[in-house]
There are 2 protein chains.
Amino acid sequence: MMQQSQSADGMQQYSYAYPRPSVTVDVVLFTFSDGELRTLLIQRAGPPHTGQWALPGGFVHLDESLEAAAQRELLEETGVEDVYLEQLYTFGEPERDPRGRVITVVYFALISADQAARMAVRGGDDAQDAAWWNVYNLPPLAFDHAPILDYALQRLRWKLEWTALGFLLLPAQFTLSELQSVYETVLKEGLDKRNFRRKILAADILEESGGYREGDHRPAKLYRFTAKAIELEQARRRFP
Amino acid sequence: MMQQSQSADGMQQYSYAYPRPSVTVDVVLFTFSDGELRTLLIQRAGPPHTGQWALPGGFVHLDESLEAAAQRELLEETGVEDVYLEQLYTFGEPERDPRGRVITVVYFALISADQAARMAVRGGDDAQDAAWWNVYNLPPLAFDHAPILDYALQRLRWKLEWTALGFLLLPAQFTLSELQSVYETVLKEGLDKRNFRRKILAADILEESGGYREGDHRPAKLYRFTAKAIELEQARRRFP
DNA sequence: CCAAAAGTGTTATGCTTACACCCATGC
DNA sequence: GCATGGGTGTAAGCATAACACTTTTGG
């Protein structure tokens, strides 16, 4: 079935009776800071598409699950752990990678502005640089990563329209105005302040932290989400 | 990168510098007939799990897209074309196949009772038999196919709750009572007849065919779905 | 004429939406 | 004291959900 051997030049070789594709995982990582919805991209250090920006990702090891691979890549390239992660879609057009047949299982991740700020954004092995980009102002992307990102953005929109997970993009404590701003930026539409507050509070997933955000004007109450918030994830349209 | 060579025993070999997983596609195929929600399974002719029932599927060829692979497998194992097909999820636990690392991209398909009746349900190369099974009364399944089928059933439920695609499981012409029966079987709950009819007609995706289903009792109007029905796929909860 | 499925409207309730003003703070 | 964002309630319209009887056919 499979043979492992040395080839003439001393490289280890893995041989199979039928050709096999490579399988990678890529991660679309979103956060929200400075009033912008952002995604993490890495700049490619080698061919193909040298110098272009791409989604973080890499090859799946044979002894790890797909989700574990996504988590590992995220940790290696960003130092982040404890991330909301879900499988997005698998892309496998034959011509999507010039090096040969590469099928990629794409994950979708949301991290808090806290984590994004703390994390070591550094390139891994095959990356020379990593940076957060405003999703509405992206550079040209390598491979088919542009449509993949579009698709992830659709999923994010869907998630915020139908669930109350928007707070995952914010720091642990946040004001209702900040949360509303997340929704407005992602959904690209203005929302009514009173209706927004009524609805998000009715969902019963937030509690007052007791603190206040001090600023230039009237201080705003800080909220945090409660434990049940994530499991709940009600599929009801929340914001008209 | 890749080498193609003859091994000692004359078999062709494909060699790579790093180990690669196998990639398959599997298809969960649903239809509705004789008042039952059914799925197509094939009985395995060879190891592993010889004699057990499994989802139809097979290896992805390197020159075809994932969706094309799903369509090809479906054609090879059932003779069906023109199917509503969408990607469901990718399963890749390291131990899910005893032969080694096999990642499977699972597709979700709905076919009409017409097509199901016409189709040649025959085994392919690696299948000795194929049959439709009531989804609520399945045999033991090979590999991790039982949880995969559960997940597909969840997706089907979700689809019927939020869209009006239930008619895809029925013949080209059907009565509203038949359609209601699909919804009730899939959702496992009774629905109010008047509300059901009002709502499905309000969706504006059905038209009267002009014919009647003759039977033991009062004949029922036959409907067919209109062209726009499939694209529309409104995400609104349709049935209370 | 009886059994069985087809077909048909109305009302109460709750949710969604639209809308405008006062409050607390920093400068 | 004024500029700025924080915070609050109500009423109209719409969609949902509950509910029972008449019609048509075959046997």
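Keep in mind that the numbers below use all heavy atoms, side chains included, and drop hydrogens, waters and symmetry copies. Throughout, protein chains are lettered first and strands after them, A, B, ... in sequence-line order, and every chain is numbered starting at 1. Remember, predicted model here, so these are calculated numbers, not experimental data.
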Check whether any side-chain N or O of [X] sits under 4.0 Å from OP1 or OP2 of [N], and answer yes or no.
| X | N | result |
| --- | --- | --- |
| A:S177 | D:dG6 | yes |
| B:K199 | D:dT16 | yes |
| A:R197 | D:dG7 | yes |

(request) Enter the inter-axis angle for the ends of the helix from C:dC1-D:dG27 to C:dC27-D:dG1 (five pairs per end, rounded to 10°). (result) 0°

Under a 3.5 Å threshold, yes or no: a donor from one side chain and an acceptor from the other, between [X] and [Y]?
| X | Y | result |
| --- | --- | --- |
| B:E86 | B:Y84 | yes |
| B:Q173 | B:S209 | yes |
| A:R197 | A:S177 | yes |

Just how far, in rounded Å, is [atom2] of [N] from [atom1] of [X]?
| X | N | atom1 | atom2 | result |
| --- | --- | --- | --- | --- |
| A:L176 | D:dG6 | CG | P | 9 Å |
| B:L191 | D:dT16 | CG | C1' | 14 Å |
| A:L206 | D:dG7 | CG | P | 13 Å |
| B:I200 | C:dT8 | CD1 | P | 15 Å |
| B:K193 | D:dA18 | NZ | C1' | 15 Å |
| B:W162 | D:dT16 | CH2 | C1' | 14 Å |
| B:Q180 | C:dA5 | CD | C1' | 12 Å |
| B:E208 | C:dA6 | CD | C1' | 13 Å |

(message) Does A:D216 contact D:dA3 through a side-chain donor or acceptor facing the base, at a distance under 3.5 Å?
(response) no

(message) Distance criterion of 3.5 Å, no angle test: do you see the side chain of A:R194 paired donor-to-acceptor with the base of C:dA20?
(response) yes

(request) Can you sort out the partners of B:N134 under side chain to side chain contact (heavy atoms under 4.5 Å, CB included), two or more places apart, ordered by chain and number? (result) B:E36, B:Y136, B:N137

Considering only [options], which nucleotide approaches the side chain of [X] most closely?
| X | options | result |
| --- | --- | --- |
| A:N195 | C:dT8, D:dG9, C:dA24 | D:dG9 |
| A:H217 | D:dG7, D:dG5, D:dT24 | D:dG5 |
| A:D192 | D:dG9, C:dC19, C:dG7 | C:dC19 |
| A:R198 | D:dT8, C:dA18, D:dT24 | C:dA18 |

(message) Taking A:R224 first and then A:E208, would you say they form a salt bridge - that is, a charged N and a carboxylate O separated by under 4.0 Å?
(response) no

(message) Whether A:R157 and A:E161 form a salt bridge (side-chain N of Lys/Arg under 4.0 Å from carboxylate O of Asp/Glu) is what I want to check.
(response) no

(message) For a quick check of understanding: with a heavy-atom distance under 4.0 Å over all strands, which category does A:K221 fall into, base, sugar-phosphate or nothing?
(response)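 Result for A:K221 = sugar-phosphate.
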
(message) Name the residue from B:V105, B:L40, B:T39, B:L74 that meets the side chain to side chain contact (heavy atoms under 4.5 Å, CB included) definition with B:V27.
(response)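 Filter result, single survivor: B:L74.
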
(request) Measure up the B:F174 and B:F167 rings against each other and bin them: parallel (under 30°), tilted (30 to 60°), perpendicular (over 60°). (result)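 Parallel, since the angle between the ring planes stays under 30°.
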
(request) Select from B:E214 and B:R218 the residue whose nearest nucleotide in DNA chain D is closer to the 5' end of that strand. (result)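 By nearest-heavy-atom nucleotide position, the 5'-most residue is B:R218.
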
